[in-house]
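FYI, the numbering just counts along the sequence from 1. Keep in mind that this is a model prediction, so the values were computed, not measured.
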Amino acid sequence: PSDQKQVRNLFITICIAIIVTYAIITNLGVFYLTVSKVLGALTPFFIGFAVAYVLNPLVDRLIKVTKMKRGLAIASIYIGILLVVSLFVNMVIPSIVSGTVEIINNIPSQMDRFSVELKALDLNNPQVSTYIKSTILTVQDQLTSWANIILENVSNFFMGLTSAIMGFVFSTVVSIYGLLDKDKFKKLSKTIIIASVGDEKAMKFLDFMATVNTIFSRFISGLIVDAIIVGILSFIALSLMGVQYALIFAIIIGFTNIIPFIGPFLGAIPAVGITLLNDPIKALWVIVFIVVLQQVDANIIGRG
């Protein structure tokens, strides 16, 4: 009877799986739309818990160092974040927007000047001359396209600012709740896992997840700190070299540094490309700096 019951339950499960799969396949558009709406509604929760996960080591560290209560430690961190965001909004964002607009407006004149400088080299070969002119026009069109895309995205961001603020506030509330009730969530998760798979398997799984959490948490924290350090070093170096829009380029370099392998080089493209139009020699030094920075990051900062 026990075996028959297991077979019957397995048969029922397979039938249900087949029916559900068939329903999804025949109504794929509706299913996709429904899933998209559900995920969209749950996005603030995902963001909130992700923020709580990233900030939790910082909260624990602050509690350990200052011996303050958890609620006060969380409040202190969020006040600090609020101050940094306010400073960024009031000082950095206007500089980024005005700098982006200035880059777009200056691209044609910079390309014309670059073309004149190339002509001054007295290139007698008509094929080389034609190729260079074609390349200049292609680069100009590409840079203008990229700049317009950036400006359009910035404009779209500000147009959807109200919705973004509401999502940000809700995600912040969720993250605070997640940080405050971290132990309750851990206890509830542990109870559900034990009830699902039993004590022995649950303990092995929880030990494995604890190890994964430690490694991943350290990796994320190190990645963020590394990006901030790279951004600051880039801003200092580019400013000392007299590169225009140093702040914008430093933010791009720091942000893209999070992307493995190709990120640092993607972040260097705008700085090198725009500087090349103003001063080819300075652009060469920017390339040298980026290469040196990545070596320092890979061998010193990233291993710190």
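- For Arg70, the side-chain hydrogen bond (donor to acceptor under 3.5 Å, both in side chains) test picks out Asn56, Asp60, with sequence neighbours left out.
- Hydrophobic clustering, defined by side-chain heavy atoms of Ile, Leu, Val, Met, Phe, Trp and Tyr closer than 4.5 Å, groups Ile192 together with Leu188.
- We find the CD1-CD1 distance between Ile77 and Ile63 to be 8.0 Å, quoted to the nearest 0.5 Å.
- Linking Ile, Leu, Val, Met, Phe, Trp and Tyr whenever their side-chain heavy atoms come within less than 4.5 Å puts Met241 and Val230 in one cluster.
- Taking every heavy atom of both residues into account, Gly267 and Thr256 meet most closely at CA-OG1, 3.1 Å.
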Derivation and outcome, side chain to side chain contact (heavy atoms under 4.5 Å, CB included), residues Ser171 and Val51 = CA-CA 8 Å; Ser171 298; Val51 170; 6.0 Å; no
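- The ring pair (Phe, Tyr, Trp, His ring centres under 6.0 Å) test applied to Phe45 returns Phe170, not counting sequence neighbours.
- Within 6.0 Å of atom CZ in Phe255, 12 or fewer heavy atoms from other residues, nucleotides or ligands are found, so the atom counts as exposed in its surroundings.
- Of all heavy-atom pairs spanning Leu180 and Gly71, the tightest one is CD2-CA, 4.0 Å.
- Across Ala246 and Ser239, no two heavy atoms sit closer than the pair CB-OG, 3.7 Å.
- Note on Val225: it does not cluster hydrophobically with Ile215, by side-chain heavy-atom contacts below 4.5 Å among ILVMFWY residues.
- Contact annotation: the side chain of Leu266 approaches that of Ile269 to within less than 4.5 Å [non-hydrogen atoms, C-beta and beyond].
- The two residues Val272 and Ala283 make their nearest non-hydrogen contact at O-CB, 3.9 Å.
- Listed here is the closest heavy atom pair of Leu179 and Ala52: CD2-O, 3.3 Å.
- The closest side-chain heavy-atom distance from Thr66 to Leu72 is not below 4.5 Å.
- For Lys187, the salt bridge (Lys or Arg N to Asp or Glu O under 4.0 Å) criterion is met by no residue, not counting sequence neighbours.
- Between atom CE of residue Met203 and atom CD1 of residue Ile193 there is a gap of 8.5 Å, rounded to the nearest 0.5 Å.
- For the side-chain hydrogen bond (donor to acceptor under 3.5 Å, both in side chains) test, residues two or more places apart in sequence or in another chain that qualify with Ser175 are Tyr78.
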Side-chain atoms of residues 288-296: list all donor-acceptor pairs with protein atoms under 3.5 Å, sequence neighbours left out, distances to 0.1 Å.
residue, atom, partner, partner atom, Å
Gln295, OE1, Asn299, ND2, 3.4

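- To the nearest 0.5 Å, the span separating CG on Asp181 from CD1 on Ile176 amounts to 12.0 Å.
- With rounding to the nearest 0.5 angstrom, the CG atom of Leu284 is 13.0 Å from the NZ atom of Lys282.
- Both Ile281 and Val286 are part of a single hydrophobic cluster, where members link through side-chain heavy atoms under 4.5 Å apart.
- Side-chain contact between Ile253 and Leu238: present, with at least one pair of heavy atoms (C-beta onward) separated by less than 4.5 Å.
- Remark: Ile194 CD1 to Ser189 OG distance equals 11.0 Å, nearest 0.5 Å.
- One distance of note links CD1 of Ile229 with CG of Asn257; it measures 10.0 Å at 0.5 Å rounding.
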